[in-house]
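Here is the structure we will look at.
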Amino acid sequence: MLRVILISILAGIAASTLYMHFQGPPPLPDIDLEEWWGPKLDKSKYNEAIVPFQVQFTNSTIRDIKHRLKTRPPLTPPLEGIAFEYGFNSKQLETWLKYWAEEYPFSDREKYINQYKHYKTNIQGLDIHFVRVTPEVPPGKEVVPLLLLHGWPASFLEFYDAIPLLTAVNKDRDFAVELIIPSLPGYGFSSGAVRPGLAADKIAIVLKNLMSRLGHKKYYVQGGDWGALIGSIMATFFQKEVLGYHTNFATLATPWSSTLRLLGSIYPPLVVSTDLADRMYPLGERYSYSLQETGYMHIQATKPDTVAVAVGDSPSGLAAYILEKFSTWTKAEYRSRPDGGLTQHFTKEKLIDNVMVYWVSKCINTSMRLYAEILNNRFFSLGLDRIPTQVPTSIIQPKYDLAYEPPWILKSKYPNLLRITVLDVGGHFFARELPDIFAEDILTAIVSFRNWHKENSKIEL
Ligand SMILES: *[C@@H]1O[C@H](CO)[C@@H](O)[C@H](O)[C@H]1NC(C)=O
Ligand SMILES: *[C@@H]1O[C@H](CO)[C@@H](O)[C@H](O)[C@H]1NC(C)=O
């Protein structure tokens with residue numbers, strides 16, 4: 001009896017997946033460029049000014065952090081033989097908190113963060129913070145804008161090591177890149193919405209408006225983590241504006257891709273080339289890894305405000321919560337290293353810089369809400385991953401990232417997928433971990449996007 005029910009359920013899923021697949025993509029949703037996310041009453045108070053901004057680690061903030069770090073209650077000792085399997089190892093955490101309170105050079109790091117120009121401007125009721133780096137170019141060289149989008153729990157700082165590489169003026173290229181690096185709404189120094197609904201599709205609109213505010217009618221977009229989803233949506237909504245989309249985290253959540261993924265577990269070569277099969281299979285192992293690592297996601301998608309009370313109130317809690325991800329998401333096997341492998345790829349000061357952004361801006365609460373806005377029925381029912389975009393696309397796939405998607409699945413969304421770079425190194429915080437490879441791949445992608453546009457405009461003539 002049970003078997004009959006199971007088989008009917010599976011047949012039902014298969015039939016509806018096939019039906020959806022052959023029915024074609026859903027329509028693009030209506031796009032409201034003026035949807036208001038700030039307090040309604042004060043609308044007239046806002047203007048379109050672009051105001052210079054500096055990150056400040058004030059003496060009283062620094063004193064407060066040190067005081068909290070020094071007066072915290074003792075941490076729970078880790079269980080015998082346990083590294084990071086139960087979460088951030090408390091022995092390790094002690095060394096991080098001691099470093100933060102006693103050695104972290106606050107004012108040098110404040111200068112480091114302010115070495116580039118920061119601004120804020122109000123878009124749709126949200127104060128949007130961004131870094132803008134414009135190269136000085138000789139006459140005849142075109143400057144092309146590139147929007148760089150971070151995710152959680154990272155920040156605009158993720159791109160800092162790549163900035164000089166991306167904006168370098170090279171005599172072999174007929175263009176140079178200007179960077180616009182925003183803090184996502186609710187992240188870092190950008191304000192969050194005052195009412196529900198600011199999901200990835202709505203953020204895509206805010207960021208399109210940011211680019212228009214800066215005078216950029218056409219531009220390239222790059223993103224990882226939530227930034228990848230938002231960038232992909234920008235490339236879907238604004239196909240005439242986005243000249244090319246580059247991502248280091250290409251995943252697709254469609255019934256079709258999930259069904260194929262499942263089929264591939266019976267015979268992987270159906271779905272993925274043999275040399276990359278271990279990035280997708282065995283499925284059981286991947287699922288159990290997911291279950292072990294995505295508890296935070298379930299909490300943030302359902303009760304973000306509850307957990308925010310604790311992590312927003314304590315620098316120790318915040319550091320543990322954020323830094324844990326930099327360990328496991330860089331390489332799963334770091335869970336069983338006593339030090340979590342944290343300093344294998346990142347310096348202590350740069351990891352604490354990122355925690356400082358969350359602490360100083362008090363944004364952990366609003367940053368976590370993004371999960372609740374995206375992981376819900378409204379957002380999924382838009383089916384945005386099923387709407388193809390003609391924007392030329394370039395994808396880089398670090399070996400140790402959280403998910404792998406084979407090319408032919410990706411092509412259903414990105415028919416003009418010009419390049420895929422498959423790496424044997426790298427994890428989720430890719431721009432921070434391997435800025436050279438990151439920057440080089442983007443610059444090569446922009447060259448191919450430019451060639452693609454030249455070819456295609458010829459065809460249109
Ligand atoms: C902050 O502290 C530093 C070093 O203790 C001191 O030199 C500086 O004057 C202080 N700044 C303010 C605004 O109090
Ligand atoms: C987030 O928490 C901080 C305190 O940590 C608070 O100052 C801020 O107002 C909160 N944000 C919102 C939108 O309530």
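What you see below is based on every heavy atom in this structure, not just the backbone, and it leaves out hydrogens, waters and symmetry mates. Note that ligands are numbered from 1 as they come in the structure, with each ligand's atoms numbered from 1 the same way. All values derive from a computational prediction rather than experimental measurement.
- Screening residues 144-161 for salt bridge (charged side-chain N to carboxylate O under 4.0 Å, His left out), with sequence neighbours left out, gives D161-K350, D161-R432.
- Applying the salt bridge (charged side-chain N to carboxylate O under 4.0 Å, His left out) test to every pair with at least one member in residues 283-298, sequence neighbours left out, gives these pairs: E293-R335.
- When all heavy atoms are compared, the tightest approach of Y46 to P39 is OH-CD, 3.5 Å.
- Near ligand 2, heavy-atom contacts under 4.0 Å come from G312, K362, N365, T366.
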One pair to check against side chain to side chain donor-acceptor pair (under 3.5 Å): S191 and D127. What are the steps and the verdict? CA-CA 5 Å; S191 56; D127 280 329; 4.7 Å; no

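- By the salt bridge (charged side-chain N to carboxylate O under 4.0 Å, His left out) test, E94 pairs with no residue at all, sequence neighbours left out.
- For the pair K325 and Y296, the distance from NZ or CZ to the six-membered ring centre is under 6.0 Å and the angle to the ring normal is within 45 degrees.
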